[in-house]
Amino acid sequence: MSRRVVRQSKFRHVFGQAAKADQAYEDIRVSKVTWDSAFCAVNPKFLAIIVEAGGGGAFIVLPLAKTGRVDKNYPLVTGHTGPVLDIDWCPHNDNVIASASDDTTVMVWQIPDYTPVRNITEPVITLEGHSKRVGILSWHPTARNVLLSAGGDNVIILWNVGTGEVLLSLDDIHPDVIHSVCWNSNGSLLATTCKDKTLRIIDPRKSQVVAERFAAHEGMRPMRAVFTRLGHIFTTGFTRMSQRELGLWDPNNFEEPVALQEMDTSNGVLLPFYDPDSSIVYLCGKGDSSIRYFEITEEPPFVHYLNTFSSKEPQRGMGFMPKRGLDVSKCEIARFYKLHERKCEPIVMTVPRKSDLFQDDLYPDTPGPEPALEADEWLSGQDADPVLISLKEGYVPPKHRELRVTKRNILDVRPPASPQRSQSASEAPLSQHTLETLLEEIKALRERVQAQEERITALENMLCELVDGTD
């Protein structure tokens with residue numbers, strides 16, 4: 001009698017667990033826009049969720065610790081004139097988030113560490129270049145201030161957020177609506193999927209398609225693609241009979257899939273979240289009430305089913321915490337933020353271990369918050385892998401760092417104007433203020449004033465040098 005050999009894997013027993021009720025975020029009116037984005041973005045400091053808003057688009061940003069019922073008057077980030085379709089935190093600054101909207105613009109926002117008193121309405125910069133709605137955002141994984149946006153005009157634009165300039169515009173590659181865009185680990189290549197059913201690998205700096213595969217999934221419904229650690233492409237899509245399907249592809253040989261598996265007959269688009277440290281991909285279907293997860297390895301059948309986390313309520317969207325935001329003391333290898341109609345619920349994925357010690361095999365060094373390159377270096381052709389950090393002592397997010405935008409104008413040497421306050425603290429009703437908030441605002445203003453004074457001193461010194469030089 002032959003015995004069935006069980007595949008050895010440290011992730012075979014990973015299990016998911018929803019957080020207790022008091023750890024959820026209640027009373028949030030999640031956006032009802034019909035768009036296939038995650039509607040949620042999370043980092044080690046903040047949780048951001050696209051919400052319903054009258055007269056334009058908005059999203060809410062909550063400190064991770066602010067669980068429980070959210071006040072209905074909690075300040076929102078509002079500035080778009082149309083619904084917000086996608087949001088993405090900057091990987092190199094936990095206080096900076098970008099938002100894309102139906103109004104054709106991309107806005108980049110600075111989120112303070114303290115709770116603002118009123119809505120944040122002034123972005124650090126507004127990026128205007130698309131002619132139709134913008135539905136996809138993705139920051140470059142290793143270069144500072146490089147942001148990708150893709151719109152309904154079938155154009156991908158790469159921006160330098162630090163100057164507000166367009167670095168590159170890829171406008172002749174996609175003949176139809178772009179469904180997904182993903183960077184590889186060092187940001188040298190893009191994988192895109194499009195309504196024309198073609199999966200493309202693009203070198204953005206050469207504006208060139210280096211490999212493509214038509215009908216990686218034969219169905220007409222949207223396809224998604226992400227790069228894996230080994231440079232393969234993991235895809236989700238639909239068969240001709242509208243069954244959901246996953247695939248693994250080698251871009252050097254696109255003729256045959258490395259793996260292809262049919263899943264089920266649900267019609268929700270599967271959003272893949274890939275963790276390169278463990279090489280586990282988590283599939284979250286919009287409207288599903290489950291998260292399936294698979295381990296991708298170099299041995300057949302290459303994509304190994306691990307387990308399914310199931311709950312009663314369907315998900316409206318999903319946020320995926322970067323590795324540096326996880327609790328390593330509890331062997332947590334992934335954390336999701338599941339959106340319901342009126343709340344957001346954390347779901348923790350854990351590897352069961354008896355020891356309380358740091359588990360080196362679960363937590364290899366992981367990308368930290370420091371960029372490896374400047375935008376200009378990347379544009380000139382340089383590539384660099386992410387700057388890695390160890391999670392052994394746990395990760396502490398750095399203090400608030402301001403994003404400075406320098407519009408390139410060599411004639412303008414005036415100090416940047418400080419943002420106008422629509423209402424002074426003294427005019428605002430005192431009931432809105434806590435002592436802590438006031439102190440934080442005063443501290444932030446003092447820092448701003450100090451920076452302005454330093455700038456004035458520097459300019460005065462330059463002026464003196466120029467005057468001395470002309471004498």
Side-chain angles (χ1 to χ4, degrees), residues 43 88-98 100 106-110 123-130 136-150 155-173 181-192 200-211 226-231 251 276-277 322-324 365-390 397-410 412-413 416 458:
N43 70 19
D88 195 26
W89 286 106
C90 176
H92 307 127
N93 187 335
D94 287 339
N95 293 80
V96 170
I97 188 170
V106 174
M107 293 182 177
V108 180
W109 308 84
Q110 183 89 38
V124 180
I125 194 163
T126 301
L127 306 172
E128 296 173 320
H130 288 282
I136 297 171
L137 287 175
S138 184
W139 291 90
H140 193 285
T142 63
R144 190 195 309 272
N145 291 342
V146 176
L147 176 65
L148 175 152
S149 62
V155 175
I156 291 175
I157 299 179
L158 296 173
W159 309 86
N160 182 344
V161 173
T163 61
E165 295 173 316
V166 173
L167 291 175
L168 296 162
S169 182
L170 310 178
D171 42 16
D172 298 326
I173 292 176
V181 181
C182 174
W183 294 98
N184 67 348
S185 61
N186 69 0
S188 59
L189 295 173
L190 296 170
T192 69
R200 294 175 174 86
I201 311 299
I202 298 167
D203 183 333
R205 287 168 297 196
K206 292 180 181 170
S207 299
Q208 199 173 26
V209 177
V210 294
V226 290
F227 273 99
T228 71
R229 184 173 63 195
L230 298 172
D277 293 350
K323 215 47 175 282
R324 56 197 171 89
D365 289 356
T366 196
E370 288 305 316
L373 291 170
E374 297 299 324
D376 294 345
E377 293 173 329
W378 176 78
L379 189 62
S380 70
Q382 291 186 45
D383 289 320
D385 289 330
V387 178
L388 303 180
I389 58 169
S390 168
K399 284 280 188 211
H400 176 99
R401 290 187 298 181
E402 197 149 334
L403 169 64
R404 299 198 182 278
V405 175
T406 318
K407 294 284 183 71
R408 298 217 167 141
N409 181 352
I410 54 170
D412 187 1
V413 291

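- Asn160 contributes no side-chain N or O that, together with a main-chain N or O of Gly164, makes up a donor-acceptor pair within less than 3.5 Å.
- Side-chain atoms of Thr126 and Glu128, non-hydrogen and from C-beta on, do get closer than 4.5 Å to each other.
- Under the side chain to side chain donor-acceptor pair (under 3.5 Å) criterion, Asp277 pairs with Thr366, sequence neighbours left out.
- In this structure, the ring-ring contact (aromatic ring centres under 6.0 Å, His included) partners of Trp89, at least two apart in sequence or on a different chain, are Phe46.
- You'll find the side chain of Leu403 reaches within 4.5 Å of the side chain of Asn145, heavy atoms only.
- By the side chain to side chain donor-acceptor pair (under 3.5 Å) test, Arg205 is found to be paired with Asp383, residues two or more places apart in sequence or in another chain being considered.
- Every side-chain contact (heavy atoms from CB on, under 4.5 Å) that Ile157 has, sequence neighbours left out, goes to His130, Ser149, Val155, Trp159, Val166, Ser169.
- Taking both residues in full, the closest heavy atoms of Ala375 and Leu167 are given as CB-CD1, 4.5 Å, listed atom of the first, atom of the second, then distance.
- When the side-chain contact (heavy atoms from CB on, under 4.5 Å) test is applied to Pro91, the partners found at least two apart in sequence or on another chain are Trp139.
- Considering only residues two or more places apart in sequence or on other chains, Glu377 meets the salt bridge (Lys or Arg N to Asp or Glu O under 4.0 Å) condition with none of them.
- Asp88 pairs by the salt bridge (Lys or Arg N to Asp or Glu O under 4.0 Å) definition with nothing, not counting sequence neighbours.
- Inter-residue side-chain proximity for Leu148 and Ile156 is flagged as met; some heavy-atom pair is nearer than 4.5 Å.
- When the side chain to side chain donor-acceptor pair (under 3.5 Å) test is applied to Asn43, no partner is found at least two apart in sequence or on another chain.
- Shown here are the side chain to side chain donor-acceptor pair (under 3.5 Å) partners of Thr192, two or more places apart in sequence or in another chain: His174.
- With sequence neighbours left out, Arg144 forms a salt bridge (Lys or Arg N to Asp or Glu O under 4.0 Å) with Glu374.
- Listed by chain and number, the residues in a salt bridge (Lys or Arg N to Asp or Glu O under 4.0 Å) with Glu402 amount to none (sequence neighbours excluded).
- Val96 is listed as a side-chain neighbour of Gln110, based on a closest heavy-atom distance under 4.5 Å.
- Expressed to the nearest 0.5 Å, how far CD of Gln382 lies from OG of Ser188 amounts to 13.0 Å.
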*asked:* Asp376 vs Ser380, test: side-chain hydrogen bond (donor to acceptor under 3.5 Å, both in side chains). Steps then yes/no.
replied: CA-CA 6 Å; Asp376 294 345; Ser380 70; over 6 Å; no

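- Applying the ring-ring contact (aromatic ring centres under 6.0 Å, His included) criterion to His140, with sequence neighbours excluded, gives Trp183, Trp378.
- With salt bridges taken as basic N to acidic carboxylate O contacts below 4.0 Å, one links Arg324 and Asp94.
- To the nearest 0.5 Å, atoms CD1 (Ile201) and CG (Leu190) are separated by 9.0 Å.
- For the pair Ile202 and Val210, the minimum side-chain heavy-atom distance is 4.5 Å or more.
- Put simply, CG on Asn186 and CG on Asp385 are 5.5 Å apart, with the number rounded to the nearest 0.5 Å.
- A heavy-atom distance below 4.5 Å is not found between the side chains of His92 and Pro369.
- Two residues are said to be in side-chain contact when any heavy atoms from C-beta on lie closer than 4.5 Å; Leu168 and Leu379 meet this criterion.
- Within the 4.5 Å cutoff, no side-chain heavy atoms of Val161 are placed close to those of Val146.
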